[in-house]
Amino acid sequence: MAYPKSFRYTKEHEWVDMKGDLATIGITDHAQHELGDVVFVELPKPGAKIETGKSFGTVESVKAVSEIYAPASGEVIEVNSELQNKPETINSDPHGAAWLIKVRLTNAAAISDLMDSATYEAYIAEKGKETSA
Amino acid sequence: MSEKIKKASRHVNQNEGLIFEKSSPGKRAFELPPLDVPAAEASKALGSHYRKEGVEGFPEVSEIEVLRHFTRLSSWNHAIDLGMYPLGSCTMKYNPRVNEFVARLEGIATEHPYQPQELSQGCLKILRLLEKCLLEITGMDAITLQPAAGAQGELTGLLLIRAYLQKQGNPRKKVLIPDSAHGTNPATAVIAGYEVENIKSESHGQVDVEGLRRLVTEDVAALMITNPSTLGIFEQRLPEIAEILHAKGALLYMDGANMNALAGITRPGDLGVDVMHLNLHKTFSTPHGGGGPGAGPVAMKKILEPFRPVPILVEKENGRLALEPVRPDSIGRVKAFSSNFGVLVRALAYILAYGPGVRQATEDAVLNANYIRKHLEGVYDLPYSLPSMHEVVFSDAIQKKNGVNTMDIAKRLIDYGFHPYTTAFPLIVPGALMIEPTESESREECDLFIDAMKSIAEEAATQPEIVKTAPHTTRVRRLDEVGAARKPVLRWKPAAPRSTAAD
Amino acid sequence: MRYLPKSPVERQEMLAAIGKNSIDELFSSIPEKYRLREALKIPGPYSEAEVIQYFKERATENAAGYTSFLGAGVYNHLRSVVTDAIIQRGEFLTSYTPYQAEISQGTLQAIFEFQTLMCQLTGQDVANASMYDGSTATTEAVLMAERLTGRRRVLVARSVHPEYRDVLKTYAKNSGLRIEEIPFTKNGTVDAKALQSTLTDDVAAVVAQSPNFFGVIETYAPLAETAHAAGAMFVVAIAEGVSLGLLRPPAEADVVAMEAQSFGLPPSYGGPFAGVIAAREKYVRQMPGRLAGQTTDSEGRRGFVLTLATREQHIRREKATSNICTNQALCALAATVHLTLLGKQGLREMAEQNSSKAQFALEELLKVPGVRRTFDAPFFNEFTVELPRSVKIVNSHLLREKIVGPLALGTPYPELTKHGLVCVTETTPRTEIERFAGAVKRALEQPV
């Protein structure tokens with residue numbers, strides 16, 4: 001699956017799509033692939049505050065739980081309620097319909113420090129080499 | 001079914017629905033003797049608390065239907081009584097039947113925990129003798145038999161440590177846990193109010209002693225170690241590890257799940273362990289029963305004795321035994337009533353049957369594990385090569401090249417007539433195969449296991465599909481765990497009644 | 001040794017096969033100075049007959065031959081021999097936790113049936129596969145409420161079993177929970193006014209037991225309303241499950257913590273028993289313990305698996321809902337078999353007999369001069385009476401008549417010195433109840 005060029009990416013495999021100071025956040029194709037079939041997603045409520053580097057939710061498969069880390073700080077404006085009923089969307093469309101939350105960032109500029117798609121693809125390729133060594 | 005599989009073959013077995021699906025009003029499986037006092041008018045006596053009818057949906061079936069129902073269900077299980085169960089760190093050994101017999105004796109099974117202590121000397125003597133035997137086996141000074149399982153024993157142990165440190169002025173903040181540890185260890189540390197700090201294993205799979213030296217500060221309450229480790233390897237530097245901790249006022253907790261490698265050979269107390277739990281349902285043969293009950297006694301050095309959970313078993317001057325309910329420094333109770341007494345009875349029966357000869361059980365367990373290791377080295381990848389004790393951990397690295405992983409191999413092992421080994425644990429070995437035969441396996445059973453594992457390795461190389469889609473011979477094929485987690489159905493519900501309008 | 005399937009020759013051959021000369025070499029990784037050279041000082045080895053002899057001797061040193069009127073969380077009820085015939089089958093007794101579902105369908109389906117029965121009994125939506133016992137189930141229910149509400153205060157009725165409260169305090173000490181007790185009124189029920197006055201929005205749970213430790217039946221609705229109005233969860237503990245055959249279940253509760261010992265498990269000096277947690281569906285992901293769920297296999301057959309395992313310690317580790325691993329599976333199976341044998345009619349009838357016998361016993365006791373009822377409230381199979389002299393002294397007289405009398409309440413409840421807790425079940429013959437009342441009369445007539 002392609003990694004949209006307009007997104008930014010974190011080392012913990014989250015993606016961020018900026019529109020002004022509103023950030024849409026999700027987890028990457030690489031992350032969903034590592035997890036396997038997603039069975040449950042735990043997300044904050046609108047109005048909750050998230051903080052850079054801190055976990056704001058979890059994504060669960062049958063055998064594992066992954067924390068989702070905030071790429072930047074801000075206030076949660078919208079939460080993707082579809083995922084409660086259809087968590088499998090994270091597997092089928094991780095970069096689109098399976099967005100997790102929309103956040104009004106306190107410092108939108110911080111996002112430009114994150115990886116772009118090319119850097120992220122190189123990053124996961126490198127990780128792939130490490131684990132099979 | 002292939003003729004190469006010597007241990008198992010297909011056989012017709014019965015289907016059976018849920019007991020609720022066999023229910024029909026008016027059927028009964030049990031009758032009570034007639035009431036010999038005037039029947040109370042319950043609706044009057046109980047007022048608004050009165051339940052007008054019996055429990056809705058409760059089954060109504062006959063005795064033979066109940067017996068057949070559960071007998072059929074039982075025929076769908078594998079069990080130690082049928083054959084080897086090589087689950088790592090579970091110690092699936094023979095559950096002696098005399099243990100079941102004595103636990104059911106009139107005068108043993110029938111005693112109420114609140115009956116007068118002068119009428120419970122038999123029970124108290126059983127507890128006292130078990131205490132003595134377990135202290136002798138572990139090399140410790142004091143013990144509590146109260147915890148109901150290993151995890152509860154771990155919690156008790158950490159609470160003892162906390163109370164001891166608290167009494168000295170500072171309970172401290174952290175507990176160190178190796179990355180190879182069983183999940184109950186970190187879960188327990190959190191409940192005991194500690195932060196978990198993981199300590200990485202070094203290249204041989206042992207606790208990294210130099211790393212430990214750096215990590216042990218006066219903020220560390222304890223290290224929780226499993227010995228032998230979850231790799232089945234003896235922690236050779238355990239006495240040194242104990243010293244490092246003690247020098248900084250921290251304590252050493254040992255998870256005793258792997259005592260089957262040590263009983264009668266060495267004693268954790270001698271190695272510097274301050275407190276440990278035992279799993280009676282592992283090392284001491286009490287039955288797993290499909291997931292429990294167990295018991296997790298905690299043995300400790302003298303410094304922790306004052307903090308033991310109440311009640312405490314004491315010997316009075318005239319030789320009489322008593323349970324004392326109050327001790328000023330006790331951490332309190334961890335469970336109502338004295339213990340999982342029935343489990344303790346079974347463990348004592350096991351110990352008495354062996355006596356000092358329990359050492360031979362340990363020797364046979366280690367012999368079996370090494371025998372299996374020798375024959376499967378080279379067939380399966382061995383990530384850590386230090387000597388194995390009672391269990392051996394391989395990985396699926398060789399088979400993975402053909403897309404076959406540890407879970408697939410485990411499922412195929414079922415077709416060969418064995419219960420799978422432990423898959424995917426410990427976490428430090430990706431694709432782990434954790435094999436513990438125990439002393440209860442004969443040479444013949446070990447040879448059959450080795451043959452099966454070799455055969456599956458060959459299948460993984462030449463016809464991987466048959467392994468990846470295993471098991472092929474069970475009543476059900478691989479089950480949809482994803483669906484079960486997405487939309488959990490956790491109980492039976494009666495079908496909705498048809499509307500009369502439709503009729 | 002009869003449990004070891006190896007002959008000396010086989011051991012030698014196996015050693016040779018692995019290139020070792022002696023068993024000792026297999027332990028070379030243990031430093032020499034720590035290897036035991038002497039035999040352990042423990043009794044044995046005992047033959048099978050000697051093992052049996054040891055325990056038979058212990059059995060004669062207990063209370064066989066006495067009629068007991070003790071309850072207080074452990075109850076004597078009829079048990080069918082069919083239950084043991086089933087749980088002693090090797091396929092149930094000696095099998096493992098059903099992680100490998102394809103060869104554990106028997107255990108898994110039985111757990112699913114157990115979960116269903118517990119829901120039916122308690123009026124809740126989901127139930128787990130067991131906890132250690134009622135006391136730890138109650139504690140875990142409170143910890144659930146803490147996680148779900150994010151609050152730290154817990155209000156526990158003083159009429160909840162003293163040992164359940166003790167266990168809760170032990171666990172609470174280290175998790176920052178503040179446990180406060182709510183008094184009971186003069187008719188033995190939870191003091192709703194006292195509860196109301198102390199219920200602020202920092203309370204995670206209100207905990208009550210019914211029938212409570214005194215045998216008195218609580219009314220759930222007002223307690224639940226009060227708790228919910230303050231945003232707290234309502235936890236109900238049940239120590240005597242047979243009561244649910246005749247009493248309305250705690251449908252208003254958010255979580256029910258029940259002891260299943262009454263369903264086919266012998267008293268066994270305090271364990272092993274089986275705790276149950278049952279709760280509303282929306283709390284399922286915060287429930288501790290194993291859960292069996294229904295699913296299908298790759299060919300469409302119905303089957304069962306352990307599910308929602310990410311709550312548990314083996315996956316979630318330090319963030320698990322509980323550290324529990326081994327539970328009380330075989331005991332839960334015994335309860336399942338027992339309840340299917342009793343069935344709807346049998347449980348009802350058993351409960352009715354308990355109620356009738358207890359009423360009869362109370363009437364007989366009240367005929368004895370000086371004996372008074374403590375609480376004027378509806379009860380199931382336990383009640384408390386006040387005696388004109390020390391319960392312990394009366395009991396010492398009763399022992400001489402081979403009767404184990406009421407539980408003295410003075411230690412857990414100092415204001416109830418001279419009060420005793422009496423339990424009567426369907427197993428107590430009328431003649432014994434009459435003899436008991438007579439013995440109490442004789443005991444009270446003894447010179448002081």
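On a predicted model such as this, the values are computed, not experimentally measured, just so you know. Chain letters run A, B, ... following the sequence lines, proteins first, then strands; residues in each count from 1.
You'll find the side chain of C:Gln105 reaches within 4.5 Å of the side chain of B:Leu479, heavy atoms only. Contact annotation: the side chain of C:Leu291 never approaches that of B:Pro488 to less than 4.5 Å [non-hydrogen atoms, C-beta and beyond].
Both the backbone and the side chain of C:Leu15 come within contact range of chain B, each with at least one heavy atom under 4.5 Å from a heavy atom of that chain. For C:Lys20, no part lies under 4.5 angstrom from a heavy atom of chain B. For a residue to count as touching a neighbouring chain, one of its non-hydrogen atoms must lie under 4.5 Å from one of that chain's; by this rule C:Gln359 touches chain B with the side chain only. When heavy atoms are compared at a cutoff of 4.5 Å, C:Arg2 approaches chain B solely by way of its side chain, counted from C-beta outward. Of the atoms belonging to C:Arg348, it is side-chain heavy atoms, and not backbone ones, that fall under 4.5 Å from chain B. Contact of C:Leu117 with chain B is made through backbone and side chain together, with heavy-atom distances under 4.5 Å. Neither the backbone nor the side chain of C:Asn395 comes within contact range of chain B, judged by heavy atoms closer than 4.5 Å. Using a 4.5 Å cut-off between heavy atoms, C:Ile86 contacts chain B through its side chain alone, with no backbone atom that close. Looking at C:Leu341, both its backbone and its side chain come within 4.5 Å of chain B, counting heavy atoms on both sides. Looking at C:Ala292, only its backbone comes within 4.5 Å of chain B, counting heavy atoms on both sides.
Inspection of the C:Thr94 and B:Asn95 side chains reveals no N or O donor paired with an N or O acceptor under 3.5 Å. If you check the side chains of B:Ser74 and C:Arg89, you find a donor sitting under 3.5 Å from an acceptor.
Taking the side chain to side chain donor-acceptor pair (under 3.5 Å) definition, one finds that B:Lys374 meets it with nothing, sequence neighbours left out.
Ion pairing between a basic and an acidic side chain is recognised when a charged N comes within 4.0 Å of a carboxylate O; C:Asp84 and B:Arg104 show such pairing. Ion pairing of B:Arg478 with C:Glu299 is absent here, as no side-chain N (NZ or NE/NH1/NH2) approaches a carboxylate O to less than 4.0 Å. C:Lys357 and B:Asp36 are joined by a salt bridge, as a carboxylate oxygen and a charged side-chain nitrogen come within less than 4.0 angstrom of each other. For C:Glu10 and B:Arg443, the salt-bridge test fails: no basic side-chain N is under 4.0 Å from an acidic carboxylate O. Ion pairing between C:Asp297 and B:Arg475 fails under the 4.0 Å rule for side-chain N and carboxylate O.
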Practice prompt. Assess whether salt bridge (Lys or Arg N to Asp or Glu O under 4.0 Å) is satisfied between C:Glu349 and B:Arg28, documenting all intermediate values.
Written response: CA-CA 12 Å; C:Glu349 203 182 308; B:Arg28 286 190 73 142; 2.9 Å; yes
Fill in: Step-by-step side-chain hydrogen bond (donor to acceptor under 3.5 Å, both in side chains) determination, C:Gln345 to B:Lys27
CA-CA 9 Å; C:Gln345 294 308 319; B:Lys27 284 199 278 191; over 6 Å; no
Item to complete: Could you go through the side-chain hydrogen bond (donor to acceptor under 3.5 Å, both in side chains) check for B:His69 and C:Glu113 one step at a time?
Response: CA-CA 12 Å; B:His69 176 77; C:Glu113 292 175 350; 2.8 Å; yes
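By number of non-hydrogen pairs under 4.5 angstrom with chain C, the leading residue of B:Gly193, B:Pro420, B:Ala39, B:Pro25 is B:Pro420. Taking C:Ala129, C:Cys119, C:Ser68 one by one and counting their heavy-atom pairs under 4.5 Å with chain B, the maximum is reached by C:Cys119. With chain B as the partner, the residue from C:Val126, C:Val305, C:Leu70 showing the most heavy-atom pairs under 4.5 Å is C:Leu70.
B:Tyr354 has its ring centre less than 6.0 Å from the ring centre of C:Tyr3.
With values rounded to the nearest 0.5 angstrom, C:Lys56 atom NZ is found 12.0 Å from B:Glu106 atom CD.
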